[in-house]
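In this chain, numbering begins with 1 at the start of the sequence shown.
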Amino acid sequence: MVDRLANSEANSKRINVVEGCFGAAGQPLAIPGRVLIGEGVLTKLCRKKPKARQFFLFNDILVYGNIVIQKKKYNKQHIIPLENVTIDSIEDEGDLRNGWLIKTPTKSFAVYAATATEKSEWMNHISKCVSDLLEKSGKAPNSEHAAVWVPDSEATVCMRCQKIKFTPVSRRHHCRKCGFVVCGPCSEKKFLLPSQSSKPVRVCEFCYDQLSSGQLSASLPPRSDSYKFPMNNVSDDDDDDDSSD
């Protein structure tokens, strides 16, 4: 079906519409063989709070952006190559239902659909696209991903020292390796994580010691036993402030 749609006029028009919605600031999306599989609004768990984002699934990339005017204008375009994506379902808890993790080497985050059916369809389509891409390229599934950030609201005190309380003066920071919310003194070190940045990035003291000693790989996610919080509470940085600590 995808091959049949690849060069169709209807597919080209749909992709051109998506390009137009992102305006001049967006990247061109129309390339030979690319097909728009589906689109919809998902709730993305950001560091401050859950926010609605418009997502577009193509056969080779996942694109999302902030909603300015629904179906007319979006900004802050993000493009994720599907070859690098792995997904994991998240158990329902409270108001956060029908969610899953989208994990890549550079960025990982949680999203939530409006219904269980919608979640199933999204996950099935993403999995199929990833599987098809890997089959064509002969590559192995991605085995590493960036840490998924713990939301600010989940930590009133530093998750490492368990002493310093967060205030307007004592700011929250995020370790790029484990995703914990930590205080300034516990995250003064930086370490090069090649999949995330070409420059050393902020990490907590625990991860820095593990990385420096070689007990923790710079290219692999931290061990699951280092997590002390439920997976349904994880998020990434806030899209409105990607440079936040």
Side-chain angles (χ1 to χ4, degrees), residues 2 35-67 74 76-135 139-154 174 176 178-181 195-196 220-239 242:
V2 170
V35 176
L36 179 58
I37 305 296
E39 60 184 271
V41 177
L42 298 173
T43 298
K44 179 173 175 289
L45 202 58
C46 301
R47 68 172 296 186
K48 299 294 184 184
K49 61 181 181 180
K51 297 181 179 180
R53 297 286 184 257
Q54 181 71 29
F55 280 77
F56 299 93
L57 176 63
F58 296 83
N59 59 329
D60 62 335
I61 58 173
L62 182 66
V63 179
Y64 71 91
N66 295 5
I67 302 170
Y74 310 111
K76 295 186 181 294
Q77 184 190 67
H78 296 257
I79 300 177
I80 302 173
L82 286 179
E83 271 192 353
N84 298 329
V85 169
T86 55
I87 57 176
D88 288 322
S89 181
I90 303 174
E91 292 185 6
D92 294 344
E93 183 171 318
D95 293 333
L96 296 176
R97 308 180 67 82
N98 310 314
W100 68 97
L101 294 176
I102 296 174
K103 302 185 295 184
T104 80
T106 57
K107 188 174 186 177
S108 302
F109 53 92
V111 292
Y112 294 85
T115 66
T117 299
E118 188 179 340
K119 169 186 174 178
S120 178
E121 290 178 348
W122 270 101
M123 291 191 70
N124 288 338
H125 284 307
I126 292 174
S127 295
K128 181 64 165 60
C129 289
V130 173
S131 176
D132 288 348
L133 284 170
L134 294 177
E135 184 178 351
K139 295 181 180 179
N142 182 50
S143 60
E144 63 177 86
H145 60 83
V148 191
W149 286 18
V150 178
D152 286 0
S153 60
E154 295 299 316
H174 278 85
R176 268 53 172 184
C178 67
F180 277 16
V181 185
S195 62
Q196 295 190 39
L220 295 174
R223 298 188 308 272
S224 60
D225 60 9
S226 69
Y227 289 109
K228 302 300 181 184
F229 53 90
M231 285 301 290
N232 60 290
N233 282 336
V234 293
S235 78
D236 76 328
D237 57 309
D238 190 322
D239 288 335
D242 279 334

J.: Taking the side chain as C-beta and beyond, is there a heavy-atom pair between Y74 and I67 under 4.5 Å?
T.: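 Heavy-atom side-chain distance check passes, below 4.5 Å.
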
J.: Less than 4.5 Å apart, any side-chain heavy atom of N142 and any of V85?
T.: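 In short, these two side chains do not touch, never coming nearer than 4.5 Å.
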
J.: In Å and rounded to the nearest 0.5 Å, what is the CD1 to NZ distance from I90 to K119?
T.: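 The CD1 atom of I90 sits 7.5 Å away from the NZ atom of K119.
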
J.: So for atom CG, which belongs to D95, do other residues, nucleotides or ligands contribute more than 12 heavy atoms lying within a distance under 6.0 Å?
T.: no

J.: Can you confirm whether K103 sits close enough to D88 that some side-chain heavy atom of one is under 4.5 Å from a side-chain heavy atom of the other?
T.: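 Side chain of K103 against side chain of D88, heavy atoms only: contact under 4.5 Å found.
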
J.: How long is the span from the NZ atom in K139 to the CD atom in E83, to the nearest 0.5 Å?
T.: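 Separation between the atoms: 4.0 Å.
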
J.: Go through I102 and K107 one step at a time and tell me if the side chain to side chain contact (heavy atoms under 4.5 Å, CB included) criterion holds.
T.: CA-CA 9 Å; I102 296 174; K107 188 174 186 177; over 6 Å; no

J.: Can you check whether V41 reaches Q54 side chain to side chain, under 4.5 Å on heavy atoms?
T.: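 Yes. Closest side-chain heavy atoms under 4.5 Å.
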
J.: Looking at W149, W100, Y64, which hits ring pair (Phe, Tyr, Trp, His ring centres under 6.0 Å) with F109?
T.: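 The passing option is Y64.
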
J.: Any side-chain heavy atom of V130 within less than 4.5 Å of one from L82?
T.: yes

J.: Is there a side-chain contact between H174 and V181, using heavy atoms and a 4.5 Å cut-off?
T.: yes

J.: So how far is it from E154 CD to F180 CZ, rounded to the nearest 0.5 Å?
T.: 12.0 Å

J.: To the nearest 0.5 Å, what is the distance between OG on S89 and CG on N98?
T.: 9.0 Å

J.: Below 4.5 Å, heavy atoms only, C-beta onward: do S127 and I87 meet side chain to side chain?
T.: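 Yes, their side chains come closer than 4.5 Å.
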
J.: Can you find a pair of side-chain heavy atoms, one from D152 and one from K48, that are under 4.5 Å apart?
T.: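 With C-beta onward as the side chain, the pair touches.
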
J.: Calculate, to the nearest 0.5 Å, the distance between atoms NE2 and OG1 belonging to H145 and T104 respectively.
T.: 10.0 Å

